Amino acid sequence: MTCKDAEKMIPLFLEDDLEMDDLRKFMEHIDNCEECKEELTIQFLVLEGMARLESGNVFDLQNEIKYCMEEAGHTLKLRESMRLLLHVIQGLTVVAGITLITLLVILF
C-alpha cells in the first residue's frame, strides 16, 4: 500500500468503515510508516478535538488514538477468526454431506 492509498483510507478508518482486508493493509502500513501515522494522528486530533470542544468534554487524544489503533487490531483479529471458523464449518458441512451420501448409497 502506498502512502497516498493509506491517507485516502484515514477518514474511513476513523469512521470504522474499512473492510477487513483494507483494514489489515492499512494497519500494516500505519505500523511501518511514521508519516502516515502522523497524518492519522492529526486527522484524529482535528476530528475528535473539534467534537469534544463543541460538547465541552475533557479529553486525552494522544492516548485515545493509541486505543483506537489497538481496538482496530483486536477487531481485525476477531474478523479473521470468524472467517476461519466459517471456512471450518463449511468444510465440515461438505464432509458431513459426503458421508451422508456415502451411507445412503451403501444402505440402499
Side-chain angles (χ1 to χ4, degrees):
M1 169 176 291
T2 66
C3 290
K4 189 174 185 175
D5 294 334
E7 288 178 10
K8 288 179 183 177
M9 291 181 163
I10 290 173
L12 295 173
F13 173 79
L14 293 174
E15 294 171 5
D16 193 26
D17 198 25
L18 285 176
E19 296 293 325
M20 188 171 63
D21 291 335
D22 289 337
L23 179 58
R24 181 185 311 104
K25 291 174 189 173
F26 178 80
M27 299 270 305
E28 287 172 359
H29 183 85
I30 292 295
D31 284 342
N32 297 307
C33 181
E34 288 302 316
E35 292 84 12
C36 288
K37 188 180 290 185
E38 183 176 341
E39 181 62 28
L40 171 62
T41 301
I42 290 168
Q43 288 192 35
F44 177 79
L45 291 172
V46 169
L47 182 69
E48 283 296 311
M50 293 302 292
R52 300 288 177 89
L53 286 172
E54 289 175 2
S55 68
N57 289 336
V58 177
F59 51 88
D60 179 3
L61 294 177
Q62 287 294 337
N63 282 329
E64 288 188 37
I65 187 66
K66 182 180 175 185
Y67 176 77
C68 184
M69 291 296 293
E70 289 171 357
E71 284 298 306
H74 293 301
T75 299
L76 182 59
K77 286 179 184 176
L78 178 62
R79 287 180 183 174
E80 288 172 340
S81 296
M82 295 302 288
R83 180 186 279 179
L84 177 62
L85 180 61
L86 177 62
H87 289 303
V88 168
I89 291 171
Q90 288 173 337
L92 290 173
T93 303
V94 169
V95 169
I98 291 171
T99 303
L100 181 61
I101 291 171
T102 302
L103 286 173
L104 289 173
V105 168
I106 291 172
L107 293 175
F108 296 104

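All heavy atoms count here, side chains included; hydrogens, waters and symmetry mates do not. Keep in mind it's a predicted model, so treat the numbers as computed, not measured.
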## Note on the structure
Nearest heavy-atom contact between Gly73 and Met27 is N-CE, 3.5 Å

### Task
State which residues pass side chain to side chain donor-acceptor pair (under 3.5 Å) with Thr2; sequence neighbours excluded, sorted by chain then number.
Asp5

#### Entry: Evaluation steps, side-chain contact (heavy atoms from CB on, under 4.5 Å), between Met69 and Leu40
CA-CA 10 Å; Met69 291 296 293; Leu40 171 62; 3.5 Å; yes

Side chains of residues 100-108: which donor-acceptor partners sit under 3.5 Å, not counting sequence neighbours?
unit_1	atom_1	unit_2	atom_2	d
Thr102	OG1	Ile98	O	2.8

Pairs under 3.5 angstrom only: tabulate donor-acceptor contacts from the side chains of residues 81-92 to other protein residues two or more places apart or in another chain.
unit_1	atom_1	unit_2	atom_2	d
Ser81	OG	Lys77	O	3.0

#### Entry: Met9 vs Met1, side-chain contact (heavy atoms from CB on, under 4.5 Å): CA-CA, chis, key distance, verdict
CA-CA 11 Å; Met9 291 181 163; Met1 169 176 291; 3.4 Å; yes

### Task
Please collect all side-chain hydrogen bond (donor to acceptor under 3.5 Å, both in side chains) contacts where either partner lies in residues 35-47, sequence neighbours excluded, each pair once.
Glu39-Gln43

Name each donor-acceptor pair under 3.5 Å that joins a side chain in residues 10-25 to protein atoms two or more places apart or in another chain, with its distance.
unit_1	atom_1	unit_2	atom_2	d
Asp21	OD1	Arg24	NH1	3.1
Arg24	NE	Glu80	OE2	2.6
Arg24	NH2	Glu80	OE2	2.7

